[in-house]
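Some notes on the structure that comes next.
Each ligand, and each atom within it, is numbered from 1 in the order the structure gives.
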Amino acid sequence: MTVGALAGCGSSSGSSSSGSSTAAQADTTAADVTTESADEAVSALTEAGDTAAASGDLITVGFAQVGHESDWRTASTNSVQAALSKENGIDLQFVDCDNDSAAQLDAVRNFIQQGVDYIVIDPIVSTGWDTVLTEAEDADIPVIVIDRTIDDSDKYTAWVGSEFTNEGLAAGAWLKAYAEAKGISDLNILEITGTTGSSAEIGRTKGFHQYIDDNGWNLLDSQTGDFTQDGGQQVMESYVKSYAGQFNVVICQNDNEAFGAIDAMDAAGVSYGVDGDVILISFDACSAGLTDVLAGKINADFQCNPLQGPDCLNLIQKLEAGEEVPKQTFMAEPWYVAEDILPNITYTNNAGEEVTEDLIVVDQSIIDADY
Ligand code: GZL
């Protein structure tokens, strides 16, 4: 677990020949403290908290981040650290929970013991939260949830993030229209899901499976890649052996899994993308993912917006001013495609509304402006 006492970890992404990238291990700055144990993390937080208390003029915010598993996560961390900065009056105490739910609960409890002013959580999984949120409520510490949702408690002040079921519905609606436009009648699908029990995995699976069920598509298999490139590659390596010649669609629940699946399909001589035998669908639409869309390797990439830092700061500033804040704020999330075949898609979203979304054909200017 990495504890950034005054600033969090930065991290850099490399890129491989496929245009994909793997988020390198976080680079730590002099301000960061890398701890080997929870006790060291607690003492680091305590020391940081004492420093902040001594200064007296900064708002202390404890941020328990999921981990560092993907390009998306790096962008999320960078967005929050850039917004919740000393320049903006915040003393940010950052904990990278390394995809470990128990460590995340410990980090939140440490923030409560510290007596921080606010707690920000991106919950690794969506359940198991009511007890610790009750402790934060009893300590009169407002909790802001970002990105993924907490589904077994509403003892938090505000949530900012994505409608994950809509993301899954988007992928299903696009695949239905794309297959019809291409004259593909039989869809034999392999799915690589995200971290089991995360709201992102739950929602994307629920939405996409609604289209599988409604249209009689053939789901050959579904296994978790845990939102990592290694996970996507390992699952795809197994799939190309078990289902050789049987599948024509692969859906990955984030870009890093898609990068891994691409490497596995390349090694197995399976063609994919615009000119291939397999339609490849992804989520997140990070810049490396959109690079693969532009190259025709990924057919469609549904954005999940990681840039909640400014929203966090805005919520804290409003709460400091005694203003009401919305319980839920949804991020805008474009649908990106490789080919200019369909201008838009009309579908029924998770709220039962019929909505039309534009399909954005990726070009370099979009990638340059991306996260
Ligand atoms: C979704 C986010 C997911 C991304 C993955 O909002 O929590 O976690 O889709 C990330 O890339 O690992």
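A distance limit of 4.0 angstrom between heavy atoms and ligand 1 selects the residues E69, S70, W72, R73, D147, R148, F164, A200, R204, F227, N254, D284, C304.
Here ring pair (Phe, Tyr, Trp, His ring centres under 6.0 Å) pairs that include residues 126-168, with residues two or more places apart or in two chains, are W159-F330.
Remark: the backbone N or O of A75 is not paired with any side-chain donor or acceptor of S79 at under 3.5 angstrom. Remark: side-chain polar atoms of K297 are not paired, donor with acceptor, to backbone N or O of L280 under 3.5 angstrom. For Y239 (side chain) and Q223 (main-chain N/O), a donor-acceptor pair under 3.5 Å exists by modelled atom type.
Residues V95 and F111 form a side-chain contact, since some pair of their non-hydrogen atoms from C-beta on lies under 4.5 Å apart.
The shortest heavy-atom contact between F227 and Q253 is CE2-O, 3.3 Å.
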